[in-house]
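First comes the structure, then the notes that go with it.
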Amino acid sequence: MMDESSTRSHVSEGNRLGYVRSESMDSTGHPSAAISSSLLSRRSSRLSSRGSISLSREMGDSILNSMRHSLQSADQLLGDTDSSALAQVIDSGDRVLALEDNGDEDTTNTLDQQKAGTLRDNRIHGYSSRGTGVPPESSVEPKEESSSAKVEQYMLSRRLDYASYLIHLATFGIFGVFTRYGLQKLFGPGCLALTSNQSPLYLDLPSNMLGSFLMAWFGIIFKTDIRHISDHFIVGITTGYMGSLTTFSGWNQAVVSMSSKDHWAYAIAGIVLGMFIVNESIRVGAETGERLRSWIVKCIKENSSIGTKCDWKHLRVDTRTKHYVLIAVMSILLSFLWVLSITLAIIKVRSLADGAVLWLGCSVAPPGVWLRWYLARLNGQGIGKKRSLKWLPIGTLAANVLAAGIMASLAVTAKAVNTKRSTTVLNSIQFGFLGCLSTVSTFAAEIYAMRSSGQIGRAFVYASATFMFSFVLGTLIYSVPVWVKHYQ
């Protein structure tokens with residue numbers, strides 16, 4: 001433990017910069033070849049001097065080194081880095097696919113290197129061989145064995161790759177909506193009565209807390225580990241599930257609704273208390289995630305020291321068969337969930353039975369997830385020709401403000417029409433489509449990244465801008481008509 005603490009305290013700026021470049025690989029595509037070649041050469045020299053018996057010990061050392069880097073992801077997330085990388089590190093949307101179409105030199109070189117398998121060791125939690133924190137076989141085995149691994153790698157065509165992302169996003173998004181609905185019912189007025197849209201503890205607070213906590217685990221600490229298995233899977237978990245589990249538009253509408261009734265103390269408390277709870281959730285998630293990963297790596301190291309080899313290569317989705325099997329399974333699951341949701345939505349809405357909001361919400365959830373993922377391509381791109389404010393996650397900001405504005409318009413429409421069927425349909429769109437279009441987990445993770453990198457001022461400006469634009473827009477669209485028309 002003393003050695004690990006000393007190593008962590010002496011992490012260089014170069015390692016932190018390497019982390020950012022690795023985490024924003026989807027957008028920038030500039031791997032750290034120098035670090036990769038250095039680690040590969042060190043492992044090769046150790047292997048030749050210690051012989052085949054040292055394979056397991058070498059594996060343990062490499063995993064421990066990977067862990068030391070990963071522990072910095074929560075404490076020194078991003079460090080002194082390019083501000084555009086800061087805005088993209090949590091979510092860069094489909095920008096990686098757009099870059100492939102552009103065919104610029106840097107991107108082309110990066111894709112060629114990935115296909116050839118020559119650069120496998122440039123990410124913070126481990127190695128870019130799509131394994132979970134375990135050194136790639138090619139880094140510790142003879143070259144003649146690693147050449148066969150290169151041949152096995154398979155990359156999907158762009159269209160199929162894009163379709164796979166959409167399938168994963170929609171599937172996990174529906175699961176996120178299910179979870180959010182369950183938490184609303186559990187903690188809401190009908191059961192535990194701890195949350196309500198008429199109090200600072202708004203109805204979506206439990207789901208926002210859970211989503212932010214899990215985002216620290218899967219979006220920060222374990223992100224690269226899971227990405228080594230499948231890029232589509234990690235996008236589905238973070239952007240799909242946790243982005244849909246949390247909702248900013250519901251939070252903002254609860255605040256706007258309280259302010260429209262002149263409950264300004266509750267409205268302000270809802271913003272301040274809600275932001276504090278969400279920030280603490282992601283901080284606790286990062287700390288517990290670090291400890292969990294430390295324990296996992298410790299167990300792997302102990303097993304490797306007694307000669308037990310931990311081989312994660314079979315989990316990687318890196319062959320044609322694995323890719324197509326995964327796509328087929330996720331497609332079948334999505335088809336089942338979507339058809340079931342649409343069928344039950346039609347039945348429930350016609351009879352106005354319980355569950356109509358849930359099933360109709362699940363039916364319209366996938367387009368919301370897809371739109372948010374598409375808007376995430378704007379993160380880190382700046383504004384205007386000079387690309388100013390590159391540090392600002394514009395895509396996330398646009399998604400949250402847009403969803404807040406549409407939700408306010410649907411809420412005031414429901415009051416104007418004031419029929420049970422129209423209210424059910426409009427509430428379903430708010431709950432499903434807009435709940436998935438907006439997100440708190442990504443929003444909180446981006447603020448946490450800024451704060452952890454020392455950019456507290458930018459974190460405050462980003463959070464303030466999001467709430468200010470959303471609240472003002474909601475007030476103009478919802479509160480003003482309510483005041484003028486005296487809607488109840």
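For reference, positions follow the sequence shown, starting with 1. Since the structure is predicted, the reported quantities are computational estimates derived from the model, not experimental observations.
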Quiz prompt | Set of residues satisfying side-chain contact (heavy atoms from CB on, under 4.5 Å) with respect to Val472, sequence neighbours excluded | solution = Met468, Leu476
Self-check item: Pairs where residues 459-481 contributes a residue and the test side chain to side chain donor-acceptor pair (under 3.5 Å) is met, not counting sequence neighbours
Solution: Glu446-Tyr462
Quiz prompt | Considering all heavy atoms, the nearest Met407-Gln430 contact | solution = O-NE2, 3.0 Å
Self-check item: Minimum side-chain heavy-atom gap Met215-Tyr448 below 4.5 Å
Solution: no
Quiz item: Can you pull the side chain to side chain donor-acceptor pair (under 3.5 Å) pairs that have at least one residue in residues 210-220, sequence neighbours excluded?
Solution: Trp217-Thr288
Self-check item: By side-chain hydrogen bond (donor to acceptor under 3.5 Å, both in side chains) - contacts of Ser422 (at least two apart)
Solution: Thr419
Practice problem: Would you check if Leu201 and Phe187 make a side-chain contact, meaning some heavy-atom pair closer than 4.5 Å? | Solution: no
Using distance only, find each side-chain donor-acceptor pair of residues 263-271 under 3.5 Å and give its atom names and separation, not counting sequence neighbours.
none

Quiz prompt | Donor-acceptor contact present, side-chain Trp338 to main-chain Ser363, <3.5 Å | solution = yes
Self-check item: Of all pairs that satisfy side chain to side chain donor-acceptor pair (under 3.5 Å), the ones with a partner from residues 245-256, not counting sequence neighbours
Solution: Thr246-Thr439, Thr246-Ser441, Thr247-Ser249, Thr247-Ser438, Ser249-Ser438
Quiz item: With a 4.5 Å heavy-atom cut-off, do Ser230 and Leu326 have their side chains touching?
Solution: yes
Quiz item: Who passes side-chain hydrogen bond (donor to acceptor under 3.5 Å, both in side chains) against Lys185, sequence neighbours left out?
Solution: none
Quiz item: Less than 4.5 Å apart, any side-chain heavy atom of Ile167 and any of Leu333?
Solution: no
Self-check item: side-chain contact (heavy atoms from CB on, under 4.5 Å) partners for Ser244, two or more places apart
Solution: Val369, Arg372, Cys436
Quiz item: If we only count heavy atoms from C-beta on, is the Ser388 to Ile383 side-chain gap below 4.5 Å?
Solution: yes
Quiz prompt | Those residues that, when tested against Thr179, pass side-chain hydrogen bond (donor to acceptor under 3.5 Å, both in side chains) (two or more places apart) | solution = Tyr241
Quiz prompt | Non-hydrogen side-chain atoms of Gln381 and Arg387 separated by less than 4.5 Å | solution = yes
Quiz prompt | Note, Val255 side chain near Tyr202 side chain (heavy atom, < 4.5 Å) | solution = no
Quiz item: How would you list, by chain and number, every residue that makes a salt bridge (charged side-chain N to carboxylate O under 4.0 Å, His left out) with Arg283, sequence neighbours excluded?
Solution: Glu280, Glu287
Quiz item: For Leu160, what residues pass the side-chain contact (heavy atoms from CB on, under 4.5 Å) criterion, not counting sequence neighbours?
Solution: Leu156, Ser157, Tyr324, Ile327
Self-check item: Contacts of type side-chain contact (heavy atoms from CB on, under 4.5 Å), residue Ser428, not counting sequence neighbours
Solution: Val357, Leu360, Thr424
